[in-house]
Amino acid sequence: MPPRRPRPVAMSLAVAAMALAGCADAPGTPQSPGDPSVPPGLVLVEPMPEEPPALPETLPPELLEELALPPVSMDVYGLIERVRAVAGNSPDFGDVEIGRDRTQLIVRWHGRLPAAVQAVVDDPGVPEIEVVVEQTRFPVGELRAEASRLIGAHPDLIAGIGARPAGDGLDVLVRTSAVDAAGGADEALARGGVTSRFPLFAEAGEIVPA
């Protein structure tokens, strides 16, 4: 079975340092990033065009679907913060997700809810929202600890790793060079001696800083 092609993954926590060069009254045409006279590591900023670029004629279906959904109210955002506040740093707490139709707030938890969390679930205080609890297979805190252990032990093999939203295991991004050499993502993990007591869902890819 041929290895799956890598897909770019946005790394939301990456921070890019940008250096700005040039001045407004400098003569001549702005230099392009490939100009050999530009010192490496600098990003040149050109003036904003008078007319913004035209939007594509067709948008991806998933984006169109998102745009058609009603906006999330501030009351719902406040409810999310209330849930996170009462959940605290509990290893049983996964996270909170707004349902696709904006009528549900999904709380992911492992095991029995503490009284403070249950109170918010029973009385969210937002009439248009129903709070639904989804049980995770494993405690998400334990999954996160295992993710830290694995990427620390195999940094040259694992490009990224994290707990799956359903709490049923770990998503593992395996470096493309290792996948190509082994003939597949799962094969690369096996060759590298990566084992875990949790299910691993591996695919080829690299982290692309945002």
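Because the structure is a prediction, the values reported are computed rather than measured. Computation of the quantities below employed the complete heavy-atom set of this structure, encompassing side-chain atoms and omitting hydrogens, waters and symmetry-equivalent molecules.
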| So which heavy atom on A163 is nearest to which on L143, and how close? | CB-CB, 3.8 Å

| Pairs meeting criterion ring pair (Phe, Tyr, Trp, His ring centres under 6.0 Å) with involvement of residues 111-138, two or more places apart | F138-F198

| query | Within the distance-only criterion (no hydrogens, no angle test), does the side chain of Q135 pair as donor or acceptor with the backbone N or O of G111 below 3.5 angstrom? | reply | yes

| Nearest-0.5 Å distance, CG of residue L113 to CD of residue Q118 | 5.0 Å

| CD of E97 to CD1 of I106: how many Å apart, nearest 0.5 Å? | 4.5 Å

| message | Nearest 0.5 angstrom please: R102 CZ to E128 CD, how far? | response | 12.0 Å

| query | Between D95 and R108, is there a side-chain N and carboxylate O pair less than 4.0 Å apart? | reply | no

| query | Taking only residues at least two apart or on different chains, which pairs with a member in residues 155-174 satisfy ring pair (Phe, Tyr, Trp, His ring centres under 6.0 Å)? | reply | none

| task | State which residues pass side-chain hydrogen bond (donor to acceptor under 3.5 Å, both in side chains) with D123; sequence neighbours excluded, sorted by chain then number. | result | none

| Is it the case that more than 12 heavy atoms not belonging to R100 sit under 6.0 Å from its CZ atom? | yes

| remark: Heavy atoms of I151 and G160 approach each other most closely as CD1-CA, 4.3 Å

| task | Determine yes or no for a side-chain-to-main-chain donor-acceptor pair under 3.5 angstrom, with S73 supplying the side chain and V76 the backbone. | result | yes

| request: Not counting sequence neighbours, list each pair that qualifies as a ring pair (Phe, Tyr, Trp, His ring centres under 6.0 Å) and has a residue in residues 82-108. | output: F93-W109

| Of the non-hydrogen atoms in S196 and E146, which two are nearest, and what is the gap between them? | OG-OE2, 2.7 Å

| Gap separating the CG atom of L173 from the CD1 atom of I161, nearest 0.5 angstrom | 10.0 Å

| Shared hydrophobic cluster, V174 / F201 (ILVMFWY, side-chain heavy atoms < 4.5 Å) | no

| Over all atoms of both residues, closest heavy-atom pair of E206 and A159 | OE1-CB, 4.1 Å

| note | Of all heavy-atom pairs linking L157 and V194, the shortest is CD2-CG2, 3.5 Å

| query | Does the pair I129 and L79 meet the rule for a side chain to side chain contact (heavy atoms under 4.5 Å, CB included), with working shown? | reply | CA-CA 9 Å; I129 287 292; L79 175 58; 3.9 Å; yes

| Cluster check I80, V132: I/L/V/M/F/W/Y, side chain < 4.5 angstrom | no

| Between R191 (side chain) and V179 (backbone), is there a donor-acceptor pair under 3.5 Å? | no

| remark: For P127 and G125 the tightest heavy-atom approach is CD-O, 3.9 Å

| said: Just verifying a value: how many Å separate M74 CE and E81 CD, rounded to the nearest 0.5 Å? | reply: 9.5 Å

| message | Measuring from atom CG of L200 to atom CG of L170, what distance do you get when rounded to the nearest 0.5 angstrom? | response | 6.0 Å

| request: Decide yes or no on side chain to side chain contact (heavy atoms under 4.5 Å, CB included) for E142 and R197, but give the supporting numbers first. | output: CA-CA 11 Å; E142 293 184 14; R197 63 190 180 97; 3.2 Å; yes

| CA sep, side-chain torsions, deciding dist, call: V140, D92, side chain to side chain contact (heavy atoms under 4.5 Å, CB included) | CA-CA 6 Å; V140 174; D92 295 325; over 6 Å; no

| note | Sorted by chain and number, sequence neighbours left out, side chain to side chain contact (heavy atoms under 4.5 Å, CB included) with V86 holds for A116, V117, V120

| request: Answer whether the closest heavy-atom distance between the side chains of V172 and I158 falls below 4.5 Å. | output: yes

| request: Evaluate the side-chain proximity of R164 to R137: yes if any heavy-atom separation is below 4.5 Å, no if none is. | output: no

| request: Please list all pairs passing the ring pair (Phe, Tyr, Trp, His ring centres under 6.0 Å) test where one or both residues lie in residues 61-90, with sequence neighbours left out. | output: none

| Is a side-chain donor-acceptor pair under 3.5 Å present for D101 with T103? | yes

